[in-house]
Amino acid sequence: MIACGIEILGRRAVWAFLERQDGRLREVSGRRTQLALDDDQDPAAVQAFCRTAHLWLEEDRPERVGILQRRKSGTFAAGGTTFKIEGLIQLYPGRRVELVAPQALRIFAKEAAPDPAPRFKYQANAWLLALYLLEPAAG
């Protein structure tokens, strides 16, 4: 089974693709670790981001895809570009894209106590989210 965890940070989406096969965990992200939307006012840039994001999901066809929810209000609320990025990824027709609350991920991390092993430090939350999605009881 393959799962894809995505964390949206400002103008970029951080990705982690994990596969669990025969009880072994393997990262299958390859070069697909982050995707930026440089100009959210440029229709060509928005369309290019959408095409690339959907292509990345087509390449491995993960059984579960999840996006870490962003704050919608308050001091640390996410900006408008993050909402656009989230919507573009959610438009992926091949699989339902789940929104996972940060609280659920914190509880999972505390209870499962996984040893995070992303290739890049900035992938830590996306990697943890993908691992969470691989758990049978998740969601």
Side-chain angles (χ1 to χ4, degrees):
M1 177 177 177
I2 297 175
C4 174
I6 303 167
E7 180 182 26
I8 301 170
L9 300 168
R11 296 185 172 277
R12 66 188 173 110
V14 176
W15 302 65
F17 290 85
L18 295 180
E19 178 179 34
R20 177 164 292 160
Q21 191 172 39
D22 300 326
R24 295 177 54 202
L25 188 65
R26 182 171 75 105
E27 184 171 342
V28 292
S29 301
R31 293 180 178 213
R32 301 163 300 172
T33 60
Q34 57 183 331
L35 180 60
L37 176 56
D38 296 322
D39 184 357
D40 70 328
Q41 299 299 309
D42 177 13
V46 171
Q47 291 170 356
F49 178 93
C50 188
R51 277 192 305 274
T52 302
H54 292 188
L55 177 67
W56 285 8
L57 291 169
E58 281 296 311
E59 287 178 1
D60 278 315
R61 295 189 178 275
E63 283 82 3
R64 294 187 73 184
V65 179
I67 298 174
L68 189 60
Q69 283 181 337
R70 304 144 348 306
R71 292 188 63 139
K72 294 179 183 167
S73 62
T75 306
F76 299 104
T81 303
T82 62
F83 289 100
K84 192 174 278 189
I85 289 172
E86 180 183 275
L88 292 170
I89 296 169
Q90 285 179 310
L91 289 173
Y92 176 63
R95 186 77 58 220
R96 182 175 82 83
V97 177
E98 308 170 40
L99 296 178
V100 178
Q103 300 88 333
L105 204 57
R106 279 194 296 275
I107 291 169
F108 169 73
K110 187 175 182 179
E111 291 176 355
D115 186 19
R119 270 188 312 155
F120 304 104
K121 191 172 183 172
Y122 63 81
Q123 282 182 294
N125 286 333
W127 191 93
L128 186 61
L129 178 55
L131 185 60
Y132 168 83
L133 294 170
L134 286 173
E135 293 300 313

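Owing to the predicted nature of the structure, the values given are computational and were not obtained by experimental measurement. Only this structure's heavy atoms are used, side chains among them; waters, hydrogens and symmetry mates stay out. One is the number of the first residue; the rest follow in order along the sequence.
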(request) Heavy atoms only: give me the nearest Glu7-Tyr122 pair and the separation to one decimal. (result) OE1-O, 4.4 Å
(request) Working to the nearest 0.5 Å, report the span between CD1 of Ile67 and CD1 of Ile89. (result) 4.5 Å
(message) In the structure I gave you, are the side-chain heavy atoms of Phe49 and Asp40 within less than 4.5 Å of one another anywhere?
(response) no
(request) I would like to know whether Glu86 and Val97 meet side chain to side chain contact (heavy atoms under 4.5 Å, CB included); could you show each step before the answer? (result) CA-CA 10 Å; Glu86 180 183 275; Val97 177; over 6 Å; no
(message) Starting from Ile8, can I reach Val14 by hopping between I/L/V/M/F/W/Y residues whose side chains sit under 4.5 Å apart?
(response) no
(request) Starting at CZ of Arg11, measure out to NZ of Lys84 and round the result to the nearest 0.5 Å. (result) 9.0 Å
(request) Report whether Leu129 and Met1 are members of the same hydrophobic cluster (ILVMFWY, side-chain heavy atoms less than 4.5 Å apart, transitive linking). (result) yes
(request) Starting from the C-alpha separation in whole Å, work towards a yes-or-no answer on side chain to side chain contact (heavy atoms under 4.5 Å, CB included) for Ile6 and Ile85. (result) CA-CA 11 Å; Ile6 303 167; Ile85 289 172; over 6 Å; no
(request) Keeping the roles fixed (side chain from Gln123, backbone from Trp15), state whether a donor-acceptor pair exists under 3.5 Å. (result) yes
(request) Identify whether Val46 and Tyr92 are in the same connected component of the hydrophobic contact network (ILVMFWY, side-chain heavy atoms under 4.5 Å). (result) yes
(request) Before giving the answer on side chain to side chain contact (heavy atoms under 4.5 Å, CB included), spell out for Ile2 and Glu63 the whole-Å C-alpha distance, their side-chain angles and the decisive distance to 0.1 Å. (result) CA-CA 6 Å; Ile2 297 175; Glu63 283 82 3; 3.8 Å; yes
(request) Look only at the side chain of Arg32 and the backbone of Ser29, and say whether a donor-acceptor pair between them is shorter than 3.5 Å. (result) yes
(request) Would you check if Glu135 and Arg20 make a side-chain contact, meaning some heavy-atom pair closer than 4.5 Å? (result) yes
(request) Output yes when a side-chain donor or acceptor of His54 lies under 3.5 Å from a complementary backbone atom of Leu88, and no otherwise. (result) yes
(message) If hydrophobic clusters are built from ILVMFWY residues whose side chains come within less than 4.5 Å, do Trp56 and Val28 share one?
(response) yes
(message) If you compare all heavy atoms of Leu134 against all heavy atoms of Leu25, which two are closest, and at what distance to 0.1 Å?
(response) CD1-CD1, 3.6 Å
(message) Using 0.5 Å steps for rounding, measure from the SG atom of Cys50 to the CG atom of Leu91.
(response) 5.5 Å
(message) Tell me whether Leu57 shares a hydrophobic cluster with Leu99, the cluster being built from Ile, Leu, Val, Met, Phe, Trp, Tyr side chains joined at under 4.5 Å.
(response) yes
(message) Taking Pro62's backbone N and O only, do any of them form a donor-acceptor pair with Arg95's side chain (distance below 3.5 Å, no angle check)?
(response) yes
(request) Give the intermediate values and the outcome of side chain to side chain contact (heavy atoms under 4.5 Å, CB included) for residues Trp127 and Arg119. (result) CA-CA 9 Å; Trp127 191 93; Arg119 270 188 312 155; over 6 Å; no
(message) Using every non-hydrogen atom in the two residues, find where Ala53 and Leu35 come nearest and quote the distance to one decimal.
(response) N-CD2, 3.7 Å
(request) For residues Gly5 and Ala130, report the shortest heavy-atom separation together with the two atoms involved. (result) N-CB, 3.6 Å
(request) Write down the atom of Ala124, the atom of Pro118, and the distance for their closest heavy-atom approach. (result) CA-CG, 3.9 Å
(message) Any salt bridge linking Glu58 with Arg51? Criterion: basic side-chain nitrogen under 4.0 Å from a carboxylate oxygen.
(response) no
(message) Could you report the tightest heavy-atom contact between Leu133 and Gly66, atom names first, then the distance?
(response) CD1-N, 3.3 Å
